[in-house]
Amino acid sequence: MTSAPTTPSDVPKFRYTGALAQEIERRWQDRWEADGTFETPNPAGPLADSAKIAGRRKLFVLDMFPYPSGTGLHVGHPLGFIGTDIYSRYKRMTGYNVMYTMGFDAFGLPAEQYAVQTGLHPAITTNANVANYRRQLRRLGLSHDARRGVSTTDPAYYRWTQWIFLQIFNSWYDTDAGKARPIGALVEQYSSAQRPADDGRPWTDLSPTERDAIIDSHRLAYVSDAPVNWCPGLGTVVANEEVTADGRSDRGNFPVFKRNMRQWMMRITAYADRLIADLDLLDWTDAIKAMQRNWIGRSEGATVHFQSSAGPITVFTTRPDTLFGATFMVMAPEHPLVDALTTPERRQAVAQYRHQAASKKDIDRQDDTREKTGVATGAYAVNPVTGESIPVWIADYVLMGYGTGAIMAVPCGDQRDFEFARLYGLPIPAIQQPPERSLDTSTWDTAFVGEAPYVNSSNGSLDLDGITGVAEAIQLTNDWLESNGHGNAAITYKLRDWLFSRQRYWGEPFPIVYDLDGHPHGLPDSELPLVLPETDSFSPRTFDPDDEFSDPESPLDRLEWWTNVELDLGDGPRRYRRDTNVMPQWAGSCWYELRYLDPTNEQIFVDPAVELYWMGPQAEGRDGREHPGGVDLYVGGVEHAVLHLLYARFWHKVLYDLGHVSSKEPYYRLFNQGYILAAAYKDEREIYVEATEVVERDGGYFHGDQPVSREWGKMGKSLKNAVTPDDICQSYGADTLRLYEMAMGPLDASRPWETRDVVGMYRFLQRLWRNVVDEETGELALLDVEAGTDTKRLLHRTIAGVRDDMEALRFNTAIAKLIELNNHLTKLGGCPPGIAEPLVLMVAPLAAHLAEELWAKLGHDSTIAHEPFPVADPALLVADTVEYPVQVNGKVRGHITVAADLDTAGVEAAALADAKVAAWLAGAEPKKVIVVPGRMVNIVT
RNA sequence: GCCCGAGUGGCGGAAUGGCAGACGCGACGGACUCAAAAUCCGUUGUCCGAAAGGGCGUGUGGGUUCGAGUCCCACCUCGGGCACCA
């Protein structure tokens, strides 16, 4: 446990102890709440207060909101929250109207699993967990506007999640306009024959069912029967983004199987290009941008059609220029054309290989030494540039999920194809003349990838021979393919459409009903919210994690009374069946920042005037370029780099296209805070033991008598190394905890938690308190002499430095500067009167409660939260004299103190005249003297 | 393999190309105390030296510069992401 400093009766009554800190903190937290100190005014609507807005710039500071888990917060969770609180408090004191609150992402698997474990309904456990989180967060003194803290599980919230889903359902992506538009516009285009029907038949000839099918196939939210990730251990399908590299579920670590199933999808791929392009507008780290680009995985190249007995086989390639070197084709074992292509003699071998590939779990595919396997189908296809018949193989190194699921194999120019050709004795003709290689590829160890003159690359109408530039050769080939009908330039993405349905209970129900033909209809607004039905039977049906052929079963499916419904959707009352899926965890977090702005609006998800004020585009972004608008500062962990951050950008862009929001992007500036790491200990059975019970002795670590091994990991329940904020608050107070978490290091770095180090910040606050307050009486006790010039200069240097640090989120160095100033006061024996107020004001964003208390003792009735932050006096930032270090040949050999306005020649003369320096020069004539004004002198001999 | 980050005292970490190690922890010495804790004061990169002072020092090896923890090149180690993506 944390060792609470003892507070025996002989310490002064008003010493800043953990007990006093808590008393102060409780008092100020109550007062902030009673006074509505941190209530943020809107420009319109029920939270409007135009007087408070006038003359202030807006600032929207946002934390990634937490899942309220049953175990409560540990000290790692609030790292980012404390940072945003300090920044928000600082910005309020520099004249900003700051939006800052905290909601809860309370739907989803963790909440549901906790409910299943405890046997309590998720609504009950979730409410209890939210209450516990609120209590813990309040105890940290975070300056949230409590009126805005929405929970995704509240029907008044998810009514609008469902509404947004319907907006997406009722939209299609118009590639001509480059944006989403209402589905009605597509119907209009078809029925006016402005757009030809997909199969060439006139629209009027189609049955209503056929028309519906065509329209449905264009929706941004659509039902599709496609390969999805089925996770029997969780009893639900999951999105690609929720599957780990080794083919297991992100949550629970169960095996995941690819199965064709009818599921809801979101057409995020329509936005692939914009999701990449608009990254340029954002103030995010390059690392996160790279992760998103990489996930979207845009590749430019061409599709090429190869004629075969079973019709054209289409491949995607990034190197159409190497088409002359394509000597065979490889298809994924699951490719739909395989059956039609396979010759009777090869049928058995192909069937066997396909069976093997299908039963291989993704894990096995990974763990292999990557040795290629494959079988020939016996079929041939025609290489369009050479006219040659080339064999078609199947192999599992070609993935059905990328490109077209088939490739042209160019063994001389692609390492995988090279290895495959070597293994099965397929020809490897050279089509480029690589430097320092023979054209005889039997002498090659690897494929050649790069620029080199093309050889053997011409037919009657396409001639690449002698060209060296890959880009030029690609262009020529693409033109040739297009004009001869063999293919065209094309772009592919790794990004797949987003699997959006889950077979669980604790999520937003789909606002969708199916008619007797199985055709989906969106519910009208009047039916929203579609409330999650009450039931005791909320446990998901899970299966043996390896039982690939189990089938998902939604808990809602069991509720006949709920699923069967009679509705009038405009054509009289009819019977419908509700969709029994729920939305994934991510749905609620795709738009929560918008609801914070206008949390109680029942007419619309956010008042446009309010949205424009907080989220609208700004005059100028970085580098004077376009500013897309959005949240001014978004702080959260890097683990959401491709999940939440991609989904939320997608939803936001749909809302933007449909005219519901004014900003192109939801989050303008993203800051990833680090993690708090903590020592974790394993016993000899490799089982983690409670870290707080481990003692260090004899150069080793022991749990009782058992020797244990130490490692460092992310703090949490699984490593049994969690430290709760409640314990630290109990021992030292929340202000000490806040300071310690910030002083540990830069906000974006991960750092190890050391409970024993916390006392350093506690001592700082204690000394600060003692410099201003009499520990015996609790009364204000300042020095009765005014500050001298040294102290004033230090104060103003501190003000300037702390301001810079606060702006840049460098709270660790801001704290160090304040400690330096306070240490200076300690040496003076106390705080001169003119210093106390600016000092307390500077401390206010960091140690918020202590500052309020001192501010009150300094005679102020109102909160310090909205007082102006001190401004440095430029006159006090420059000194009369400057001390220069004097280097001789780059090594410091002496110091001189001269008037600050002394010219360069004067400084040089003073340096050369210094006795120590002269001794080092030993009479030698300096070759060169460098004087950096205000900085230093270097004498070169 | 590819793409990002990062390597500084016993530990967490500071340092617009300009006095490396701010600030904190720990350790050591001292004050207070019957004693301990708490609190307060001082010392604390390392080596030589009684001291003054000096040598060496930011993962390794080179380079640019009057001057490099910082910039450039190569390498090593650690952390993170992606990974048969055609």
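By convention in this document, chain letters (A, B, ...) are assigned in the order of the sequence lines, proteins followed by strands, and residues within each chain are numbered from 1. Computed from heavy atoms alone, side chains included, the values below leave out hydrogens, waters and symmetry copies.
B/A14 and B/C4 are spaced 25 Å apart, taking the C1' atom of each and rounding to whole Å.
The shortest distance between the side-chain N/O atoms of A/Asn938 and the OP1/OP2 oxygens of B/C19 is not below 4.0 Å. For the OP1/OP2 pair of B/G54 and a distance below 4.0 Å, the side-chain nitrogens and oxygens of A/Trp920 include at least one atom meeting the criterion. Contact between the side-chain N/O atoms of A/Arg935 and the OP1/OP2 oxygens of B/G67 is not found at any separation under 4.0 Å. Distances shorter than 4.0 Å separate some side-chain N or O of A/Arg763 from OP1 or OP2 on B/G26. Contact between the side-chain N/O atoms of A/Thr285 and the OP1/OP2 oxygens of B/G5 is not found at any separation under 4.0 Å. The side chain of A/Asn294 places no N or O atom within less than 4.0 Å of a non-bridging phosphate oxygen (OP1 or OP2) of B/G81. Within the structure, a side-chain polar atom (N or O) of A/Arg770 is placed less than 4.0 Å from OP1 or OP2 of B/C40.
A search for side-chain contact (heavy atoms from CB on, under 4.5 Å) contacts involving A/Ala21 returns A/Tyr16, A/Glu25, not counting sequence neighbours. Every residue two or more places apart in sequence or in another chain was checked for a side-chain contact (heavy atoms from CB on, under 4.5 Å) with A/Ala290, and none qualifies.
Aromatic pair A/Trp284/A/Phe671: centroids not less than 6.0 angstrom apart. A ring-centre distance under 6.0 Å is found for A/Trp753 and A/Tyr740. Between A/Phe328 and A/Tyr424, the distance from one ring center to the other does not fall under 6.0 angstrom.
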Expected string for nucleotides 43-48 of chain B under the B/S/- scheme (protein heavy atoms, under 4.0 Å, primed atoms plus P, OP1, OP2 as sugar-phosphate) is ------

task = Assess whether side-chain contact (heavy atoms from CB on, under 4.5 Å) is satisfied between A/Val886 and A/Met936, documenting all intermediate values.
result = CA-CA 6 Å; A/Val886 182; A/Met936 67 177 320; over 6 Å; no

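For the 3.5 Å distance criterion, the side chains of A/Tyr884 and A/Asp914 fail to qualify, holding no donor opposite an acceptor.
For the pair A/Gln887 and A/Glu754, both in contact range of RNA chain B, the more 5′-proximal nearest nucleotide belongs to A/Glu754. For A/Glu883 and A/Glu775, each mapped to the nucleotide of RNA chain B holding its nearest heavy atom, the one lying further toward the 5' end belongs to A/Glu883.
Nucleotide B/A6 holds its P atom 17 Å from the CG atom of A/Leu677, rounded to whole Å.
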